[in-house]
Amino acid sequence: MQYRSQSVAYWYFAVAMVLFGLQLVFGLLSASKYLGPDPLLYILPFDVTKVIHTNLLIVWVLTGFMGATYWMIPDESRTELHSTRLAYIQLFLWVIMGVTAIIGYLFRYGTGNKLLEQPLPHKIIIVICMLIFLYNIGMTIKKSGRFTTTEGVLMLGLVSSAVLFFPALLHYENYTVSIFYRWWTIHLWVEGVWMMIMGAFLAYLLIRLSGADREVMEKWLYVIVGLVFIAGILGTAHHYYWVGVPTYWLPIGGFFSALEPAALVAMAIYAYTAIRRSGLAHPNKLALHWTVGSAVFTLFGAGLLGLAHTWPSVNKWTHGTLITAMHGHAAFYGAYAMIVLAMITYALPSLTRHRPEGGSSIGYWAFWLQITGMFGMTLSFATAGIGQVYLERIMGMGYLDTQLKIQVHFLMLIATASIFTVGVALFIYDFFRFAPRFIFEDEPQLEAGVTRSTP
Amino acid sequence: MNNRQARMFAIASTGISVLVFLILTLDSHRQFDTLTNAENITPEVTHGKDVWHKYNCINCHTLFGEGAYYAPDLTKITQHRGEAYLQAYMRDPAKFYDENKHRRLMPKQNLSEKEISDLIQFLDWVSKVDNQGWPPRPILVTGSFIPGADSVAAVAAGSADNPAGIRPVTDDDDPRAQGEHVFRSAIPACNACHSTAPGANMAGPTLAGLVTRAEAVLASGDYTGKATDVEGYIRESVIAPSAHLVPGDMYSANGTSFMPVGYEDSLTPEQLDHLIAYLATLK
């Protein structure tokens, strides 16, 4: 850790870890309800566990993004953060928002609008946190006078995330119109501006870990951003299938979302060639695993599995089935969960005491168990979804009867989800195993060092 | 390609995409009202939409295929189920489905009567939105277009007298729920030949929209039976199928319907009443 203020990242990461763990609890609960009967039908019904599961995902990934940004910006701009106090105030507000939102969901206090269930007061706090965050980062860069391309891409991604949240604050009388604008937030986040954030972290990690030439890496980062937006912006159209919007969105969605894998292929090649060209000199090989793993898993989950059902004539049959859950889980995990875990793994040896730089065997177990588990979960959703499409959508068997016939895939889902959970539990354990380096502990040493070297 | 060109590529491709996207958005706004029949968004429909949101329906069900995948899609539900059925269902889903059979059940939501009827209004508005004809084939809640395909689970569960797709009923249940049970358990079972999905004609014509069609038949001059109202028409169709023939060579020949006779004897009068009450919900 070169700059003391980077230590705020630790607390963001710690919060993210706790929320990640909680997310899995509600995920497992939701999955077990697919096997049923449900003893918690009137205490924690599916809609509640599911809304908490998805909201925790969004909140912990964003917490991770914020922590990773607070870690990365001082490194890139070679300066201390503008204000650590603001960063802590922001984290405090953010946690209050998250905790109260989840308690609210337990009592069905939410908007009932998929993925944007946060009640208005919570949405306003989210905006306030975003503004504090952007102000703090912006001031840090401004004061340092050093603004790298990687930072530029990251900042643009973060600012656009905040801007795109605004349609979510409005009220729409027409349900179809509200769907139309919901995807401005959700789709343009996950397949647009969050991809910029991910690309920036990826570039940062590859430059640091592989020692690849910054000039070259940043040039290709531009190309990736261009590819993401060519496909991603008009690719929003694949969410406009069958919801009551004009028909021209169908071919547009088909064409542009078929292009979406291009950016992800580019990202995977980007990571691979960086590693090949520069070798594996960096001691933190575990972070390298997560970094390359993220690029590859994104290509698989977001790219290939997205492509599998994005064409309108295919989607006509698969729309609204477990095929979507298959794609959703693999894509989100590969692109966002793994890149945050990569940033955490990279930063952790400097943020904590006595942690081996190269990662421990627990760390590797966490990596491989998660990869295996998530791959198995993806296959379970895929097989269940394929069964559902053929029986229910094509043969015309009733929904409930079909669900009974694909029970075995839900068993497989729970088995592989348990493997995944063990992997995550090991990651969380490994995270908290070593105490953080507190600022107040470092201060006297630093001051002593300064006095000693002063003649 | 140098750094500057790469940057130009990123900026230009983003700029053009954003521009095209905004133009299409504007054009969509021009069409939204027509496609969604916006003139039919009454205060009841809007309130129904609020009910849909308030009870977090989308985190189990899908609407337009969007939502969660734990419960059936409801885009066209009002075309599959009549209002009376949906009202009775919303009062207590457990009267219609058995958690031990399907391994899941919708919890009772305790909606007010006003909330229920507005929710149904909203779902009815949804079902009429022009959404490129999705779903391409009706998505059923239970049962099947294929006769017998849903009876396997019942055999496996060792309860052959209660076919899958319907919970066992008691006398305390809503007559319509008991009627749906008769629909599947009568011998021969009605659902062996009749679906309740629009357009899905099997050996017999679909019963979706039965009430509407019965009204039309009764009002037209072509009706040959003795019934004077819809319920009478349905009763007559069950016990004396040949009294009035639905046109089509696949349904009748020489003035005799292909539908089996004898339900008057094989069903008790109560069962018959329940069956008719259920069929009268298929609007």
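Just so it is clear: chains get the letters A, B, ... in the order the sequence lines come, proteins before strands, and each one is counted from 1.
Side chain of Tyr42(A) to main chain of Pro107(B): no donor-acceptor pair is present (N/O by atom type, distance under 3.5 Å, no hydrogens or angles). Listed for the Lys114(A) side chain is a donor-acceptor partner under 3.5 Å among the backbone atoms of Gly67(B). Judged by distance alone, the side chain of Trp134(B) and the main-chain N or O of Lys316(A) form a donor-acceptor pair under 3.5 Å. Distance alone, capped at 3.5 Å, places no donor-acceptor pair between the Glu392(A) side chain and the Ile139(B) backbone. In this structure, the side chain of Tyr222(A) does not engage the main chain of Ile11(B) through any donor-acceptor pair within 3.5 Å.
Of all heavy-atom pairs spanning Val223(A) and Ala6(B), the tightest one is CG2-CB, 4.1 Å. Nearest heavy atom pair, residue Asn2(B) against residue Lys219(A), reads C-CD, 3.7 Å.
Ranking Pro246(A), Pro312(A), Ser178(A) against chain B, the residue ahead of the rest is Pro246(A), based on heavy-atom pairs under 4.5 Å. Looking only at heavy-atom pairs under 4.5 Å with chain A, the residue among Pro136(B), Cys60(B), Gly133(B) that has the most is Pro136(B). Among the candidates Thr247(A), Asn174(A), Leu227(A), the residue making the largest number of heavy-atom pairs closer than 4.5 Å to chain B is Asn174(A). Chain B forms the most heavy-atom pairs under 4.5 Å with one residue out of Tyr399(A), Phe229(A), Tyr109(A), and that residue is Tyr399(A).
Residue Ile224(A): no heavy atom, backbone or side chain, is found under 4.5 Å from chain B. Neither the backbone nor the side chain of His53(A) comes within less than 4.5 Å of any heavy atom of chain B.
A heavy-atom distance below 4.5 Å is not found between the side chains of Tyr69(B) and Thr321(A). No side-chain heavy atom of Leu35(B) sits less than 4.5 Å from a side-chain heavy atom of Thr176(A). Two residues are said to be in side-chain contact when any heavy atoms from C-beta on lie closer than 4.5 Å; Glu117(A) and Asn59(B) meet this criterion. At least one side-chain heavy atom of Phe32(B) sits less than 4.5 Å from a side-chain heavy atom of Val245(A). Taking the side chain as every heavy atom from C-beta outward, Met395(A) and Arg137(B) never approach each other to under 4.5 Å. A 4.5 Å side-chain heavy-atom check between Thr25(B) and Trp184(A) finds at least one atom pair inside the cut-off. Taking 4.5 Å as the limit, every side-chain heavy atom of Ser17(B) sits out of range of all side-chain heavy atoms of Phe256(A). Between Arg104(B) and Gln403(A) the shortest side-chain heavy-atom distance falls below 4.5 Å.
Taking a 6.0 Å sphere around CD of Glu39(B), one finds it holds more than 12 heavy atoms contributed by other residues, nucleotides or ligands.
Side-chain polar atoms of Asp27(B) and Tyr248(A) form a donor-acceptor pair below 3.5 angstrom. At a cut-off of 3.5 Å, with distance as the only test, no side-chain donor of Asp401(A) or Thr142(B) sits close to an acceptor on the other residue.
Under the 30°/60° scheme for interplanar angles, the aromatic rings of Tyr175(A) and Phe122(B) are found to stand perpendicular.
Ring pair His29(B)/Tyr181(A): centre-to-centre distance below 6.0 Å.
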What do the steps show when you test Thr111(A) against His53(B) for side-chain contact (heavy atoms from CB on, under 4.5 Å), and what is the final call? CA-CA 6 Å; Thr111(A) 65; His53(B) 284 313; 6.0 Å; no
Pair Gln132(B)-Trp249(A), side chain to side chain donor-acceptor pair (under 3.5 Å): steps then yes or no: CA-CA 11 Å; Gln132(B) 287 99 27; Trp249(A) 289 108; over 6 Å; no
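The structure places CZ of Phe21(B) at 7.0 Å from CG of Leu234(A), a figure rounded to the nearest 0.5 Å.
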